[in-house]
Amino acid sequence: MEKFNSFDEIKNALEKKACTCQTIVNHYLTNIQSKAHLNAFVEVYEHAAREQALKVDDKIAQGIAGKLAGMVVGIKDVLNFAGHPATAGSKILEGYISQHTATAVQRLLEEDAIIIGRLNCDEFGMGSSNENSVYGKVHNALDFNKVPGGSSGGSAVAVQANLCTVSLGSDTGGSVRQPAAFTGVIGMKPTYSRISRWGLIAYASSFDTIGIFSRTIQDNALVMEVIAGYDEWDSTSSKKSVLSYSQLLPFNRKVKVAILRETLDSPALQSEIKKNTESVLAKLKKEGHQVEAVSFPLLKYLLPTYYILSTAEASTNLSRFDGVKYGYRSPKSTDLESLYTKSRSEGFSEEVKRRIMLGTFVLSSNYYDAYFSKAQKVRRVIKEFTEQILTTFDYILLPTTPTTAFAFGEHGSDPLAMYLEDLFTVQASVTGMPAISIPNGKDEAGMPIGLQVITNSFKEADLYAFSDYLLKLN
Ligand code: GLN
């Protein structure tokens, strides 16, 4: 069977009876097997997926199937799915079986999507290269020696390599957009609170969002309209009504686009990325849109703010993994104290421990004001500054990443070099605004380049419409 480039193709094939959900699942299972070396999946729900396909085929025959019938979805290993393990790529959750299903996953199932497996990621979502997983690294399907980005590397590669139709990831500081850019697919992070976080293993709760990987805007928008919306299990989820994002708004107006001068002038920016971003700006101008460079002097404060606040929240969230309640317990413990310390020391990786220590430090009574509360104030300043830009402009355009996919081990001994990869993605995370990464050509080595679009909170419909327009412009 040929590869499916979109859910529309699947729907057409199902309508014409050229295939069934069972043959679609078989097609993806075969792909997963032949691409096992990419290490995108940590578990394939072969049996459950086949059973669900049979059920959905039945519903199609009766004319009662939901709007995602025939869509095959992979989920990042941070999402709970009752009866299946969920480990956040960590040894500390070894043996843990989910007791409940994440609301986002539940809503997919209610519309008859088929969940095909659990996808590899950086431990607890901490990383930008997917080299930090207890299951080993994920490989970029375009170059086996290069990273797929992180932390949702498995989710990105699963869509890139046609191992599922769409996938779910999570984005705290860029973990959907950055791997989407590195693999040449679409990655959407909605407004904070747009999608319920119930059932998502927490990293930094005031930043965490579930995000969507797809090959087309249409598919992305369709999944968003199904999983977004208020959920009584997540008190922070928004009560704002969910639009029919998949009925893409017609894009027939002239818009105002801001480009942040400091991003294009950044010394860290790879030349081909700069060139491709500038070429989009030129095309937009040619089409009569207003494109203006604005100054964003706060760029240098983005990473410190993000890393202080996210590690603080992580140190609190991860305190629940104590060797008693979930997963791994050290066999070497002799008393309660050593049970805690040994289980945590052996169960977490170096990177996660580094963040817990950093987070505990910035929250400690002597340093709380100097770091944590200062960073909260800076977060507000960044948010207000960005909102100010968006009162004049409809969209902010910027590269998704400073570089394209890099080689394994390149940032190995230097955590700061790795954190710099998030330079352009954390702005939308710190402000809670929706942002999307769409493919924007390739570099000289043939690796994909991502273009990022940010807009005001809850304007996902506008973001999808403009992204669709941009993709057609290219
Ligand atoms: N790379 C960033 C980090 O390590 C972002 C991760 C994410 O969005 N989960 O924190």
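Remember, it's 1-based here, ligands and their atoms both numbered in the order they're listed. Below, all heavy atoms of this structure are taken into account, side chains as well, without hydrogens, waters or symmetry copies.
- Residues satisfying the salt bridge (Lys or Arg N to Asp or Glu O under 4.0 Å) test with Glu351, not counting sequence neighbours, are Arg354, Arg355.
- Here Lys377 pairs with nothing under the salt bridge (Lys or Arg N to Asp or Glu O under 4.0 Å) rule; sequence neighbours left out.
- Not less than 6.0 angstrom separates the ring centroid of Tyr306 from the ring centroid of Tyr419.
- Listed by chain and number, the residues in a salt bridge (Lys or Arg N to Asp or Glu O under 4.0 Å) with Lys146 are Asp143 (sequence neighbours excluded).
- Residue Tyr230 qualifies as enclosed at atom OH: its count of foreign heavy atoms under 6.0 Å is above 12.
- Near ligand 1, residues Gly125, Met126, Gly127, Ser128, Ser151, Asp171, Thr172, Gly173, Gly174, Ser175, Tyr203, Tyr306, Tyr307, Arg355, Asp422 come within 4.0 angstrom through at least one heavy atom.
- Classification of the Phe348-Phe321 ring pair by plane angle, with boundaries at 30° and 60°, yields perpendicular.
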